[in-house]
Each structure stands twice: as C-alpha cells, then as structure tokens.
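Each residue takes its place number in the sequence, starting with 1.
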Amino acid sequence: MAISSSRQEPEQGRAAHGWTVVAVAGAAIVTAGAFTTFGGLLLVPLHEEHGWSRASIGVAFAISMVLYGVTAPFAAALMDRLGVRRVVVGALVLAGAGAAGTALAGSPAQVAAAWGLGVGLGTGAASTALAASVAERAGAGRRGLVAGLLTAAGVVGQFVFLPVLSRVVEGYGWQAAAWGLAGAAGLVAACALALLRGARAAVQAQSSHAPGTGGASQVVTRALRVLAAATRRPAFWLLAGVFAVCGASTNGLLWNHFTPAAHDHGMPATSASTLLALVGIFNVAGTIAAGRLTDRVDPRRVLAACFGLRALTLVALPLLWSPSVGVPLVAFAVLFGLLDVATVPPTLALCRVHFGPDAVVVFGWVNAAHQLGAGAMAHLGGLTRDTLGTYDPVWVGAGALCAGAAVLVGVVRSARQERPAPTPPTPATPYESPAPPAIPPPCR
C-alpha cells in the first residue's frame, strides 16, 4: 500500500505543478501584454515633457514591435533547450529593465535602446512563444484549454489594465507608471523563479519537448529551414502581407495612436483607455466566434470579412471623434474588438492547409510580418501627425490597406485547390515530435 501511495502522489503532484506552470505563465503573459499597450500612453507625455518629435519617439515603439515578433520563434527554441522557467525569468527581468531605463532616459536614442530593445525582446519571449510552449507541454486533452486560457491572459494584459495605467499616468506621472510596470515584472519573475522550480519536472514528464535534451542550434536551424522553404511558395507571401496589414491597423495604429488622437479631440487619456479596454474585452468573443466559423466555412471568407468590416470601422472613425465617450465611439470599440484578434484562427487554418506539420513555425514567421507592419505604422503614424497636424489620413489609409487585404485574401488558394507541400525528412529530435498546433495568443 505504501508503494501504491508513493506512486499516486507524484502523479497528483505533476498535475498540480502543471497548473502552476499555466498560472505563472498566465501572469507573465498578462504583464507582457501591459507593456505592449503602455507605449500609447508614453507618446504625449514624452513629447510634451522633452519636446521630442512624435516620429523620433515612435522609433522606439517600432523597434519594440519588430523585436516582439521576430523573437518568438527563437524564444520557443530557447525554452526547449533551457526550460520555461529560465526563459520566463530572463524575459521579465529584461522587460522590467527596459521600462526602468525608459523612465531614466534623456534622449530618444536612449528610449529606443531601453524600450525598443529591452521591452521588445522581453515581451517577445514572454507572450506568443511562452503560450505556445506551455500549451504544447500541457499534455493530450488539455492543450486547447491551456491555449485558450493563455490567449485570454494576453488580452487582459493588453487592454484591461490600460485604464489603470492611464490613471497612474494622470495622477502620478508617466515615470511612476513605468516604474510600476518594472516592479510588476520583477514580482512575477520572482514568482516564476520560486514556483516553477518544482514544476519543471512535472511539465517535462508530460512533454516530448524535454528541456536540455538537444542543442539549441538544431531548433534554430529547423526554424530557419522552414522559413526558407516557405518563402518559395506564394501562399506564404500572401499570408505574410495580409498579416502585416493586420499588425499595422491594430498594434501599430490603434494601440499606439488611438489615445494621442483622442487627446487631439479633447478626450482625456483615461476615457480613451477605457475604450481600448472595451476593445480588449470583445476580443475574446470575436476570437471564439471566428474560430467556430473557421471550422464550418472557408477560412478565406472569414478572414476577408474581418478585414472588410475593419476597413469600414477605420474609415468611419474620423467622423466619430468627440471630447467625451458617446454611443458612436462605444460602437466602434465593440465592433473593432470583435474583429481585432479574429484574424488569428482563419490565418492559422490557412497555414495548416498550405504548410501541414510546419504550420505553427510558419505562423510564427507570419506573425513576425505582423509585427513588421505594426512597427512601420507606429512610426508612420507619428510622422504623419507631426507633418500634417492630424491623424485623420492615417485612419483612412489604414482602412484602405484593410480593404486591399480583404481582396488579397481571395488570391490565397483553398484546401481544394492546393495540398500542403510534403515536409522534407528531418532528424528525429524531441523538438520535432508531432503535436497538434496550439492557437497562439492575440496578434500583437
């Protein structure tokens, strides 16, 4: 009986530690998400306090967004080599150091180094890559649930905490909010350091991707090999281009320039942040609905509908601005929220159709294009405002890009028209064992 009990206890411990990993990962993703949208609250204070141009400040946000996307595939490889615990702790410390450095920065170049490099690399490793890695290690029967929970965590971090941060900026200054984020990152890193110590063995027992069982170069080589193969196919460039437009119209434009644009029309930052929080709340419903539709109809139709409706909302926004939150702006926030992250399920489905077992890796690179588009719009939005004195052309231009993306989606072949290309044989390593791909968190 003693032997039987001793065998049952480790199994129960593994399950408990597995959910501990999910909880700590969720806290890390929430924190990383708060960093990604806090940039929109920094633009006006940095401009007014130091006299720096919006375009020069936007360079830091552009660097951060590009690194956020490019870091993910390699961060996932690093987790396979070193384990989730070390990478999570390092990523949060790096992001916290970036926020602290921004509070102490004395020039746009220093902001670009602190926020662009520190926050970009840190949040890139503690968001998409972390969610996908933890979901894959969750074991059969729980991957979907874990992916959904961590996706929701990303949305909570990106938008729900934004009104809190805006009130801190309004009441205590932007430096206090930056130091608060740095402290939150340090606290979650300490929790990860303590709580994931015993969880590593439990997670490793449930996963074929055991940390430290192979060289990191093998994983990096595979990621680059998949990218090289994908770039030879038109479907990759079409999906990457469409997702670049997605990033430009959401992360790059809405996250960074919605609050400053509302400020131009006399709306307080707290009110604008409340509208962004509403966008975040409806993100969850929109993503679930898009996922269910993707299972039932051609994913190209879902994706085209998302971009077409998004184009209409963006073109209409200049007509809806007012100093206070009214029904038209609430309606915009609700509709845009339903469409914001809804592009992820159909895009991932199209990656599965065209790239088969390599779909998750390919989606990681497509998501990198998403962040490239976001970074470009973060800079161009500020440049347009500095040059023309208004954001109105930016909203109309982004709407036109979304309309073009809706048309471009029709060029992507369907499952009936093209079969996934055969995957070339690769060495059998723990990193490449087949597993159902997990839906990544929202496009940032």
Side-chain angles (χ1 to χ4, degrees), residues 36-49 54-55 57-58 61 155 158-171 173-174 177 248-286 306-342 374 377-378 380-403:
T36 58
T37 49
F38 181 59
L41 298 178
L42 290 178
L43 188 60
V44 172
L46 286 172
H47 172 70
E48 293 179 348
E49 182 173 324
R54 289 176 172 82
I57 300 169
F61 303 148
V155 172
Q158 290 161 3
F159 290 104
V160 175
F161 281 100
L162 198 57
V164 177
L165 291 171
S166 68
R167 291 185 182 278
V168 174
V169 171
E170 187 178 74
W174 68 269
S249 57
T250 55
N251 301 40
L253 183 56
L254 198 77
W255 293 11
N256 287 288
H257 296 292
F258 183 84
T259 300
H263 181 268
D264 287 346
H265 290 82
M267 180 180 293
T270 51
S271 300
S273 298
T274 300
L275 287 172
L276 287 180
L278 195 61
V279 171
I281 292 172
F282 280 89
N283 265 335
V284 178
C306 288
F307 277 111
L309 292 173
R310 186 186 295 180
L312 294 177
T313 61
L314 290 172
V315 171
L317 182 57
L319 305 176
L320 306 180
W321 287 119
S322 66
S324 59
V325 176
V327 173
L329 284 174
V330 171
F332 167 84
V334 171
L335 183 57
F336 198 93
L338 292 173
L339 302 170
D340 187 7
V341 194
M377 184 59 78
L380 291 175
L383 183 61
T384 302
R385 173 61 176 79
D386 288 338
T387 303
L388 302 179
T390 178
Y391 278 107
D392 288 354
V394 183
W395 303 112
V396 176
L401 287 175
C402 289

K.L.:
Mind checking what makes side chain to side chain donor-acceptor pair (under 3.5 Å) contact with Thr259, not counting sequence neighbours?
P.N.:
none
K.L.:
What distance do Leu309 atom CG and Leu314 atom CG have between them, rounded to the nearest 0.5 Å?
P.N.:
11.0 Å
K.L.:
Checking Glu49 now: which residues fulfil side chain to side chain donor-acceptor pair (under 3.5 Å) with it, not counting sequence neighbours?
P.N.:
Trp174, Gln175
K.L.:
For a quick test of reading the model, state the closest non-hydrogen atom pair linking Ala311 to Ala403 and the distance between them.
P.N.:
CB-N, 3.7 Å
K.L.:
If you round to the nearest 0.5 Å, how far is CG of Leu329 from OG1 of Thr274?
P.N.:
12.0 Å
K.L.:
Kindly indicate, with the supporting measurements, whether the criterion side-chain contact (heavy atoms from CB on, under 4.5 Å) is fulfilled by Leu275 and Phe332.
P.N.:
CA-CA 9 Å; Leu275 287 172; Phe332 167 84; over 6 Å; no
K.L.:
Does atom NE2 (His263) have a neighbourhood of more than 12 heavy atoms from anything else shown, all under 6.0 Å?
P.N.:
no
K.L.:
Once salt bridge (Lys or Arg N to Asp or Glu O under 4.0 Å) is applied, what residue pairs with a partner in residues 313-336 remain, sequence neighbours excluded?
P.N.:
none
K.L.:
Nearest 0.5 angstrom please: Arg167 CZ to Leu41 CG, how far?
P.N.:
12.0 Å
K.L.:
Which residues satisfy the side-chain contact (heavy atoms from CB on, under 4.5 Å) test with Thr390, sequence neighbours excluded?
P.N.:
Leu388, Asp392, Pro393
K.L.:
How close do Gly399 and Val315 get, heavy atom to heavy atom, and via which atoms?
P.N.:
CA-CG2, 4.0 Å
K.L.:
Under the side-chain contact (heavy atoms from CB on, under 4.5 Å) rule, collect the residues that match up with Leu338, sequence neighbours excluded.
P.N.:
Phe282, Ala285, Val334
K.L.:
Going by side-chain contact (heavy atoms from CB on, under 4.5 Å), name the residues that satisfy it together with Leu401, two or more places apart in sequence or in a different chain.
P.N.:
Val245, Met377
K.L.:
Nearest heavy-atom pair of Ala261 and Trp395: which atoms, and what distance?
P.N.:
CB-CZ2, 3.9 Å
K.L.:
Would you please name every residue forming a side chain to side chain donor-acceptor pair (under 3.5 Å) with Asp386, sequence neighbours left out?
P.N.:
none
K.L.:
For residues 317-326, dump all side-chain donor-acceptor pairs below 3.5 Å to protein atoms at least two apart in sequence or in another chain.
P.N.:
residue : atom : partner : partner atom : Å
Ser322  : OG   : Ser324  : O            : 2.6

K.L.:
Sub-3.5 Å donor-acceptor pair from the side chain of Arg310 to the main-chain atoms of Leu339, do we have one?
P.N.:
yes
K.L.:
Mind listing the closest non-hydrogen atom pair of Ala378 and Phe61 along with its distance?
P.N.:
CB-CB, 4.3 Å
K.L.:
Considering only residues two or more places apart or on different chains, which pairs with a residue in residues 250-278 satisfy salt bridge (Lys or Arg N to Asp or Glu O under 4.0 Å)?
P.N.:
Asp264-Arg385
K.L.:
Let's go through Leu254 and Leu276 carefully: what are the C-alpha distance in whole Å and the side-chain angles of both, what is the deciding distance for side-chain contact (heavy atoms from CB on, under 4.5 Å) to 0.1 Å, and is it a yes or a no?
P.N.:
CA-CA 8 Å; Leu254 198 77; Leu276 287 180; 3.9 Å; yes
K.L.:
Quick check for you: to the nearest 0.5 Å, what is the distance between Asp340 atom CG and Thr250 atom OG1?
P.N.:
5.5 Å
K.L.:
For residues Val279 and Phe258, determine if any side-chain heavy atom of one lies less than 4.5 Å from a side-chain heavy atom of the other.
P.N.:
no
K.L.:
Heavy atoms only: give me the nearest Tyr391-Pro260 pair and the separation to one decimal.
P.N.:
OH-CB, 3.6 Å
